[in-house]
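Notes for the one structure printed next.
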Amino acid sequence: MKFQAVKGTRDFYPEDMAIRNWITEAWRRVSLRNGFEEYDGPILELLDLYRAKSGEGIVSELFHLTDRGDRELAIRPEMTPTLARMINARAGALPRPIKWFSMPRLCRAERPQRGRLREFFQWNIDIVGLDDAVTDAECIFVALDFFREIGLTPADMVMKVNCRALLAALLSARGFAPPRHAAIFAVLDKRDKLPPEAFAEAVEKVCASAGERETLISISQARGTEGLEIVARAAAGDARAESSLARLRSVLDLLHRMEVGEYCSFDMGVVRGLAYYTGTVFEGFGRGGFSRAICGGGRYDQLLESLGGPPMSGVGFGTSDVVIQELLEELGRIPSQARTTRRTEVFLIDAAPEMFDAVLVLAARLRRRGVGAEFSYRRQSLGKQLKQASAAGALRVVIVGEEYKARGHLVVKDMASGRQQEIPADAFCENPCM
RNA sequence: GUGAGUGUAGCUCAGUUGGUUAGAGCACGAGGUUGUGGUCCUCGGGGUCGGGGGUUCGAGUCCCCUCACUCACCCCA
């Protein structure tokens, strides 16, 4: 019987683990320098927690089980309900705004596809308890701070920004009653995700007349600076539309001031499929060949409350390790040092078996100082040991031989240049970096 | 969950209308005589051809089922 990894899951061999760590370490580094604190929750939650948010239909999309006490449990498919639960439990005690991040392992019972597996890691950032353009901008900034950190420029990606409240106000002013908005949002969000004919067909379905269709098509086309001006003219005179537009402009302006404006672009085609977004929404896309969404988020006003949490507005975003890695592989941007976790700074070699004791002592002394030190487990020729040092990617090799026996000196060889010099053992252990 | 495509060594792939013990390159391991690695040379391990069943004298090759992956839907909390 030959076993294989469960459908939609991945084995992380050392070279895969190295890349995963490289990505998740960047997530943590960026989160912390932007002032966010890390949290986590259990991988199992009550199934009802997800039913409460998404209805009974969600059950078929997640992994669930019944424990021996007949409790219905689910492996978490997302982090937001856990976040809401945790914030609610201490709502009165947490200083606001709450700036938390997490990088949970999530599972969803979906059919695996490229960029979409059944098990993955998701980076979540949330700012809860303050509804202000600054927090919207800050949230988008953190995402861009990460993308810039891993070497992506505005030529590689774009962050499309929109505001659902603005769209809702424009729709209401043109006779689209609020109950119809959810369906219209879902259609508009597909503007760039469907072929033009299919999109036109979808628009047709939510419209009652040719006039409505014209209106929706023209609204959905707005993008970039010109698009913003067109929207501004459309919003003129409507108080709600004007204030939402001012908020959107403010967010974009803040992003420019924070020097990530080059990445950002207004786009009415970004609405987000999820029902709970109420204000600012944004989605990152790769440019060129890799045009899929690479991150997304937005402001949610009632989400926490609907999950039994406090009535607090929040803004957040998420992205997964799967899509990030695929984007970077596609662009060839994963640096070679990110592909290995080996950190052999010094490889110790005995020139004769009787020097092996000295090798052990020196390795232990170096390791205690925090230096990555290795040696061969087999007593073999100097050439073989050098070969092993080379394969281990060692930066320097230390040969313990005649010089050590006679004078207490080590031969230190720099593997890149091939140059070597004799150094007293004590001096080398004091300062192994040379 | 629906539809289509793919599946030969760890990886990338050969494999003649079905015909003897299934191959290559890379990777991996061992050597190239004992104080100098990456290159090079030699040798080697590794595949029940995704799995199961069927047709046939004979199946990696044809048929059926199944599993996994890829793509398009559904969904994307």
Side-chain angles (χ1 to χ4, degrees), chain A residues 1-11 13-16 45 47 49-62 74-84 104 106-118 120 122 124 186 189-190 193-195 198 202 272-277 283 292-293 295-298 300 303 306-307 316 318-320 322-323 326 344 347 349-353 355 376 378-405 410-420 422:
Chain A
M1 189 67 193
K2 196 174 176 182
F3 295 102
Q4 54 190 186
V6 169
K7 181 193 185 89
T9 66
R10 294 167 288 173
D11 289 323
Y13 287 87
E15 64 269 28
D16 309 306
E45 290 278 7
L47 184 54
L49 181 64
Y50 305 109
R51 282 202 182 101
K53 182 184 176 190
S54 313
E56 188 62 32
I58 194 68
V59 176
S60 65
E61 290 167 31
L62 47 72
I75 298 176
R76 61 185 177 192
E78 59 164 329
M79 202 57 184
T80 309
T82 300
L83 172 69
L106 305 179
C107 290
R108 299 179 184 180
E110 294 179 298
R111 186 130 179 197
Q113 233 175 91
R114 188 161 177 240
R116 245 179 90 183
L117 300 176
R118 288 185 154 190
F120 56 95
Q122 189 181 68
N124 283 275
D189 189 62
K190 304 246 185 242
K193 294 165 185 164
L194 288 177
R272 306 282 289 148
L274 310 183
Y276 57 74
Y277 288 116
E283 208 162 352
R292 295 184 302 122
C295 76
Y300 44 86
L303 180 61
S306 74
L307 285 166
T319 187
S320 87
V322 183
V323 70
E326 274 183 11
T344 304
F347 198 100
I349 289 176
D350 63 274
M355 307 312 294
S376 174
R378 296 166 59 191
R379 309 284 43 88
Q380 51 191 359
S381 73
L382 197 153
K384 290 288 174 210
Q385 293 182 72
L386 257 177
K387 199 172 206 148
Q388 199 181 326
S390 186
L395 302 176
R396 285 181 294 283
V397 156
V398 164
I399 300 168
V400 186
E402 294 301 331
E403 305 84 352
Y404 186 77
K405 212 193 298 189
L410 301 171
V411 175
V412 179
K413 181 186 177 89
D414 179 84
M415 291 299 271
S417 67
R419 279 199 299 263
Q420 52 189 57
E422 211 180 299

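Heavy-atom basis, side chains included; hydrogens, waters and symmetry copies ignored. In this text the structure is predicted, and so the values were computed from the model without any measurement. Proteins get letters first, then strands, A, B, ... in listed order; numbering begins at 1 in each.
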request  = Using both distances under 3.5 Å as the test, list the Watson-Crick or G-U wobble partner of B:U48, or none.
outcome  = none
note = Per nearest nucleotide of RNA chain B, the residue lying toward the 5' end, A:Pro77 or A:Gly8, is A:Gly8
inquiry  = Classify A:Gln388 by what it touches in the nucleic acid, base, sugar-phosphate, or nothing, heavy-atom distance under 4.0 Å.
reply    = nothing
Donor-acceptor contact present, side-chain A:Arg108 to main-chain A:Pro77, <3.5 Å = yes
request  = If B:U42 has a Watson-Crick or G-U wobble mate with both distances under 3.5 Å, name it; if not, just say none.
outcome  = B:A30
inquiry  = So, OP1 or OP2 of B:C73: does either fall under 4.0 Å of a side-chain N or O from A:Arg116?
reply    = no
task = Look at the side chain of A:Arg108 and decide which nucleotide, out of B:G38, B:C76, B:U36, has an atom nearest to it.
result = B:C76
task = Identify which nucleotide among B:C76, B:G35, B:C40 has an atom closest to any side-chain atom of A:Lys387, counting heavy atoms from C-beta outward.
result = B:C40
Proximal nucleotide (of B:C76, B:U36, B:A30) relative to the A:Lys190 side chain = B:C76
ask   = Among B:U36, B:G32, B:G35, which is the nearest nucleotide to the side chain of A:Ala351?
value = B:G35
ask   = For the pair made of CG in A:Asp350 and P in B:U34, what is the distance, rounded to whole Å?
value = 16 Å
Touch class at under 4.0 angstrom, heavy-atom based, for A:Gly318 against every strand present = nothing
query = When only distance counts, do a donor and an acceptor, one from the side chain of A:Glu403 and one from the base of B:G35, lie under 3.5 Å apart?
reply = yes
remark   = From the candidates B:U70, B:G38, B:G35, the one with an atom nearest any side-chain atom of A:Pro112 is B:U70
inquiry  = Checking the side chain of A:Asp16 only, and the main-chain atoms of A:Tyr13 only, is there a donor and an acceptor separated by less than 3.5 Å?
reply    = yes
message = Is the phosphate of B:A68 approached by A:Lys7 (side-chain N or O, under 4.0 Å from OP1 or OP2)?
response = yes
inquiry  = Could you tell me how far apart A:Lys405 (NZ) and B:G35 (C1') are, to the nearest whole angstrom?
reply    = 13 Å
request  = For B:C67 versus B:U12, give the span between their C1' atoms, rounded off to a whole number of Å.
outcome  = 24 Å
task = Round to the nearest Å and state the distance from A:Gln380 atom CD to B:A30 atom P.
result = 8 Å
Interatomic distance where CD1 belongs to A:Ile58 and C1' belongs to B:C76 [whole Å] = 9 Å
key: Atom pair distance, as rounded to whole Å: CG in A:Leu106 and P in B:C75   = 21 Å
ask   = What does B:A59 pair with, Watson-Crick or G-U, if both distances are under 3.5 Å?
value = none
note = Separation of B:G37 atom P from A:Leu386 atom CG, nearest Å, is 6 Å
ask   = Quick one: A:Arg111 CZ to B:C74 C1', roughly how many Å, whole number?
value = 11 Å
query = What orientation do A:Tyr300 and A:Tyr276 show, parallel under 30°, tilted 30 to 60°, or perpendicular over 60°?
reply = perpendicular
For B:U21, the Watson-Crick or wobble counterpart (both distances under 3.5 Å) = none
Sidechain N-carboxylate O distance under 4.0 Å for A:Arg272, A:Glu283 = yes
message = Under 4.0 Å, heavy atoms only, any strand: does A:Val411 hit a base, just the sugar-phosphate, or nothing?
response = base
ask   = Watson-Crick or G-U wobble partner for B:G7, using a 3.5 Å limit on both distances?
value = B:C67
task = Between B:A30, B:G32, B:C75, spot the one nearest the side chain of A:Glu61, thanks.
result = B:C75
inquiry  = Counting only side-chain heavy atoms from C-beta out, which of B:C69, B:G31, B:G35 sits nearest to A:Ile399?
reply    = B:G35
query = If you measure from the P atom in B:G23 to the same atom in B:A9, how many Å do you get, rounded?
reply = 14 Å
query = Is any side-chain heavy atom of A:Met79 less than 4.5 Å from a side-chain heavy atom of A:Thr82?
reply = yes
message = I want to verify a distance call: between B:G31, B:G35, B:C75, whose nearest atom is closest to the A:Leu382 side chain?
response = B:G35
key: Spacing of A:Leu62 atom CG relative to B:C76 atom P, expressed in whole Å   = 13 Å
inquiry  = Using atom P in both nucleotides, what's the gap between B:G25 and B:U55 to the nearest angstrom?
reply    = 39 Å
ask   = Does A:Gln380 offer a backbone N or O that forms a donor-acceptor pair with the side chain of A:Gln385 under 3.5 Å?
value = yes
inquiry  = Under 4.0 Å, counting only non-hydrogen atoms across every strand here, what does A:Arg378 touch: a base, just sugar-phosphate, or nothing?
reply    = sugar-phosphate
query = When you measure from the side chain of A:Arg396 to the backbone N and O of A:Asp414, does any donor-acceptor pair fall under 3.5 Å?
reply = no
